[in-house]
Amino acid sequence: MTGTDVQKEAEDSGPSGYAAARLRLLTEEARSGPPRRAALAELTDDWLTGLFAAGAEGLRGASLVAVGGYGRGELSPRSDLDLLLLHDGSDIKAVAALADRLWYPVWDLGLDLDHSVRTPAEARKTAGEDLKVQLGLLDARHIAGDLGLTASLRTAVLADWRNQAPKRLPELQELCAERAERQGELQYLLEPDLKEARGGLRDTTALRAVAASWLADAPREGLADARRRLLDVRDALHLATGRATDRLALQEQDQVAAELGLLDADTLLRQVYEAARLVSYASDVTWREVGRVLRSRAVRPRLRAMLGGGKPTAERSPLAEGVVEQDGEVVLARAARPERDPVLPLRAAAAAAQAGLPLSLHAVRRLAATVRPLPTPWPAEAREQLVTLLGSGRPTIEVWEALEAEGLITRLLPDWERVRCRPQRNAVHLWTVDRHLIETAVRASEFTRRVSRPDLLLVAALLHDIGKGWPGDHSVAGEIIAKDVAARIGFDRHDVTVVATLVRHHLLLIDTATRRDLEDPATVRSVAEAVGSQGTLELLHALTEADALATGPAAWSSWRGSLVADLVKRVSAVLAGDVPDDPEEAAPTAEQERLALEAAATGSPVLALRAQTEPPAGQEPSGDPEPLGVELLIAVPDQPGVLPAVAGVLAMHRLTVRTAELRSLHLPDGVDGSVLLLDWRVAAEYGSLPQAARLRSDLVRALDGSLDIAGRLAERDAAYPRRRGVVAPAARVSVHPAASRLATVIEVRSQDAPGLLFRIGRALEDASVQVRSAHVSTLGANAVDAFYVTGPEGAPLPGDEAASVARKLEETLGG
């Protein structure tokens with residue numbers, strides 16, 4: 001059926017005909033995108049025109065006007081209809097009757113309707129009081145009735161907008177900023193709001209309004225295509241969900257991708273991010289231009305008076321060779337010749353970042369259009385300018401984005417294309433891969449005084465996740481890419497090796513510190529062998545912290561920092577040749593020893609709860625005091641079942657375990673037996689912490705078997721069923737036989753959940769293995785737990801037995 005046939009069906013059959021024609025149009029596979037939106041708007045126009053004609057017989061001085069998205073002819077499948085019934089005020093009663101004839105059929109079909117009935121004077125008055133109304137009227141489009149009435153309103157509204165622009169545009173900018181604060185950045189969100197988030201459809205509407213003011217204009221290249229892509233995704237989202245939603249939820253992304261003919265949800269998100277990034281950059285440039293124009297308008301009358309009416313000349317201050325500051329932006333000097341100076345883009349970018357100023361759009365576009373490629377390897381100046389840019393702190397981000405918007409980054413670093421706008425499906429990560437790399441460089445710039453080679457630190461920060469654009473382990477792939485990039489930008493062979501080592505092992509310190517037993521010499525020696533030198537260890541320590549801080553708040557804390565610092569200290573001793581071969585147990589603190597002696601004397605568990613807001617001993621504070629939760633110290637006479645008993649009691653009391661350590665503590669000479677020491681960080685899931693006496697009482701009962709923890713947890717789970725949501729990946733359990741000479745290391749990666757540690761501990765007990773030490777780490781919604789286990793005789797497990805334990809653990813956690 002053709003578009004004309006669809007319209008004829010709607011005209012012939014009234015509301016039911018319109019509904020059928022609308023459904024047919026939305027299900028036509030051959031028509032999508034702008035043609036379908038325009039056809040849907042045209043179909044709706046024809047239907048409303050028929051309703052207007054039937055209800056307005058004999059009525060003059062009235063018209064039906066589409067505003068907002070409908071006014072622009074951009075009707076998505078579940079878009080609401082924004083309509084204004086405009087009248088001259090001569091026959092209020094007839095207009096009210098006409099409104100009923102228009103609105104009720106729309107409601108009867110279940111369509112959302114945003115409607116108003118106003119005279120032109122009322123419409124202008126409301127627009128003057130409500131910025132959102134004024135923005136909607138800027139897209140007013142005549143549908144039916146008195147065309148002259150609609151045209152006069154459009155003319156008046158545009159004139160009002162242009163006259164009031166110096167006052168209204170700052171108000172619009174503030175609205176955009178407030179919305180961005182509430183909704184976040186579309187280009188980084190895993191479940192973005194296509195309309196409200198920064199870089200979304202609302203911002204494209206705001207840019208149209210700025211252009212309509214004639215005060216400034218947005219960079220137009222690619223902007224219309226970005227808006228079209230966002231609208232196409234919204235259309236597919238409406239069809240996939242059957243709802244008028246703008247939030248691209250995780251569970252709908254695969255279906256939306258299929259609707260658009262895309263490979264998968266990651267491809268979909270990448271397209272959304274690319275469009276949003278273009279809109280965000282255009283917004284930044286446009287609002288900067290608005291501010292410049294408004295400032296110049298405010299200053300110009302005073303300058304003219306001072307200069308006797310002459311035209312003032314913009315002041316230009318030199319920043320670097322070929323680069324000057326003018327009117328709050330970095331521009332190219334008049335004598336600059338980009339076609340002869342391939343280092344100029346990096347020099348201009350470094351100068352802008354160092355000065356904390358934006359690169360002008362004109363300058364970046366001129367560089368993109370005329371600059372020659374850098375030779376390979378880069379000249380020393382180019383490498384130095386890149387390091388200067390990366391080491392400039394927070395201003396680096398805006399300058400980098402300006403270069404990237406015009407394709408200069410991928411020209412300088414071709415491998416960047418694979419990570420550009422690449423989503424990270426991990427709630428711990430705040431950013432896309434490329435933005436995370438820049439954030440890491442920004443964080444690393446704060447640590448350049450801690451290392452002897454800050455240039456290698458900054459370049460490694462930029463490249464540490466560059467392998468995420470390739471299949472397999474991103475650290476392994478990244479090492480190969482980092483070698484190539486470091487050589488290309490002019491580092492010598494030794495420095496190339498250091499950068500590649502940093503990229504290959506950028507997760508080594510944090511993974512080892514939080515998941516391995518640092519008292520085991522094999523752990524420390526393996527790290528020392530991977531790092532190789534004190535200088536590389538120093539760089540890796542700084543990179544580890546910068547990477548974690550740039551990931552998100554769940555990835556770093558003072559406690560994690562203390563673990564990494566302890567590991568670095570031990571590895572440094574190994575590299576210096578100052579460490580014994582035999583394991584040496586860390587000396588307990590005075591409080592730990594007191595609790596251990598009391599537990600040995602009483603034969604029962606002893607515990608202490610202590611709120612901790614200060615960094616652990618030996619670590620400098622990093623700013624504002626960080627709430628680390630509560631430290632729970634437990635000393636228990638060595639016996640089977642301690643781990644599941646403690647974990648189960650904590651789960652019963654709704655205490656979330658953030659980190660956990662379990663180890664055997666030998667008592668001073670003259671005291672018989674041994675004690676298990678548990679040093680855990682916990683937080684209350686709801687309400688306040690339970691009293692220590694209550695925890696101890698339940699722990700005693702759990703250890704003697706009189707408290708049915710499994711039954712209590714099962715009753716609670718049955719009473720409070722979990723909410724439906726995204727299905728988490730299955731738990732993965734792996735064995736690391738080379739991680740220790742003294743025990744078998746079993747690592748569990750799973751979705752964090754109440755009672756998880758209890759289930760793991762009970763499964764290990766059922767497997768008749770002894771937990772020599774445990775290292776539990778919760779990162780966002782993910783738990784990564786390492787258990788050092790032995791057989792009943794205290795020796796590491798044989799390979800087949802260890803594999804069997806791992807399989808049973810996976811089965812337990814999968815149930």
Side-chain angles (χ1 to χ4, degrees), residues 184-185 188-190 353 387 389-398 400-401 419 422 424 426-451 453-466 468 474-475 478 499 502-503 505-515 536-568 612-616 618-629 658-659 681 777-782 784:
E185 295 258 7
Y188 304 124
L189 295 169
L190 278 177
V387 170
L389 170 61
L390 297 176
S392 298
R394 193 56 51 184
T396 298
I397 296 172
E398 184 179 357
W400 190 275
E401 288 176 345
V419 296
R422 181 170 292 276
Q424 305 204 74
N426 185 329
V428 174
H429 275 278
L430 295 178
W431 311 109
T432 51
V433 177
D434 56 342
R435 176 63 185 270
H436 169 69
L437 293 175
I438 296 303
E439 287 283 338
T440 305
V442 169
R443 292 289 190 169
S445 70
E446 302 168 12
F447 305 145
T448 52
R449 302 297 180 267
R450 281 174 29 181
V451 298
R453 288 295 303 273
D455 55 338
L456 299 183
L457 171 62
L458 292 167
V459 171
L462 180 71
L463 299 176
H464 75 277
D465 275 348
I466 198 73
K468 284 189 173 177
H474 77 278
S475 298
V499 171
L502 293 173
V503 172
H505 296 299
H506 69 273
L507 296 174
L508 177 64
L509 295 183
I510 190 71
D511 283 354
T512 304
T514 57
R515 304 171 191 174
T536 304
L537 177 64
E538 174 189 73
L539 289 166
L540 190 59
H541 189 189
L543 175 59
T544 298
E545 185 170 353
D547 181 19
L549 289 170
T551 296
W556 192 251
S557 67
S558 294
W559 175 245
R560 290 179 187 276
S562 71
L563 295 176
V564 171
D566 182 26
L567 174 60
V568 168
Q612 184 176 2
T613 57
E614 297 298 325
Q619 184 170 352
E620 297 179 1
S622 58
D624 295 334
E626 177 187 4
L628 300 177
R658 299 298 185 200
T659 63
R681 265 62 179 175
S777 176
T778 304
L779 202 61
N782 300 296
V784 183

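Please read these numbers as outputs of a predicted model, since none were measured by experiment.
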Q) For Ser475, which residues count as a side chain to side chain contact (heavy atoms under 4.5 Å, CB included) partner, sequence neighbours excluded? A) Asp473, Arg504, His506, Leu507

Q) Just how far is it from atom OG1 of Thr514 to atom CH2 of Trp559, taken to the nearest 0.5 Å? A) 11.5 Å

Q: Looking only at non-hydrogen atoms, find the nearest pair between Ala461 and Ala444 and report the distance.
A: CB-CB, 4.0 Å

Q. Mind checking what makes ring-ring contact (aromatic ring centres under 6.0 Å, His included) contact with Tyr188, not counting sequence neighbours?
A. Trp431

Q: Could you pull out all residues at least two apart from Glu398 that satisfy side chain to side chain donor-acceptor pair (under 3.5 Å)?
A: Arg288

Q. Is the closest side-chain heavy-atom distance between Arg422 and Asp434 below 4.5 Å?
A. no

Q) CG/Leu462 to CG/Leu390 distance, rounded to the nearest 0.5 angstrom? A) 5.0 Å

Q: Determine the minimum heavy-atom distance between Pro553 and Leu430, stating which atoms define it.
A: CD-CD1, 4.1 Å

Q: Return the set of residues passing salt bridge (charged side-chain N to carboxylate O under 4.0 Å, His left out) with Glu538 (not counting sequence neighbours), or none when no residue passes.
A: none

Q: Name all residues meeting the ring-ring contact (aromatic ring centres under 6.0 Å, His included) criterion together with His541; count only those two or more places apart in sequence or in a different chain, and write none if there are none.
A: none

Q) Of the non-hydrogen atoms in His464 and His474, which two are nearest, and what is the gap between them? A) O-CD2, 4.3 Å

Q. Between the main-chain N or O of Leu509 and the side-chain N or O of Thr512, is there a donor-acceptor pair closer than 3.5 Å?
A. no

(Q) Check this for me: does any side-chain nitrogen of one of Glu545 and Arg443 sit under 4.0 Å from a carboxylate oxygen of the other? (A) no

Q | Contacts of type side chain to side chain donor-acceptor pair (under 3.5 Å), residue Ser392, not counting sequence neighbours | A | Gln354

Q: List in chain and number order the residues that pass ring-ring contact (aromatic ring centres under 6.0 Å, His included) with His505, two or more places apart in sequence or in another chain; answer none if no residue qualifies.
A: none

(Q) So which atom in Ala353 and which in Leu389 form the shortest heavy-atom distance, rounded to 0.1 Å? (A) CB-CD1, 3.8 Å

Q: Identify the heavy atoms of Ala441 and Leu458 that sit nearest to each other, and give their distance.
A: O-CD2, 3.7 Å

Q) What pairs with Arg453 under side chain to side chain donor-acceptor pair (under 3.5 Å), at least two apart in sequence or on another chain? A) Asp455, Asp495

Q | Inter-residue atom distance Leu508.CG - Leu543.CG, 0.5 Å rounding | A | 11.5 Å

Q | Nearest-0.5 Å distance that lies between atom OG1 in Thr440 and atom CG in Leu463 | A | 11.0 Å

**Q.** For Ala548 against Trp556, the heavy-atom pair lying closest together
**A.** CB-CE3, 3.4 Å

**Q.** CA sep, side-chain torsions, deciding dist, call: Asp547, His436, side chain to side chain contact (heavy atoms under 4.5 Å, CB included)
**A.** CA-CA 8 Å; Asp547 181 19; His436 169 69; 2.8 Å; yes

(Q) Could you check whether any side-chain heavy atom of Ile397 comes within less than 4.5 Å of a side-chain heavy atom of Glu401, counting everything from C-beta outward? (A) yes

Q. Taking only residues two or more places apart in sequence or in another chain, which ones pass side chain to side chain contact (heavy atoms under 4.5 Å, CB included) with Ala542?
A. Phe447, Arg450, Val451, Leu457

Q.
If I take atom CZ from residue Arg435 and atom CG from residue Leu437, how far apart are they, to the nearest 0.5 angstrom?
A. 11.5 Å

Q.
Going by the rule side chain to side chain contact (heavy atoms under 4.5 Å, CB included), which residues pair with Leu189 if we only count those two or more places apart in sequence or in a different chain?
A. Pro192, Ala197

Q: Could I get the full list of salt bridge (charged side-chain N to carboxylate O under 4.0 Å, His left out) partners for Asp465, not counting sequence neighbours?
A: Lys468

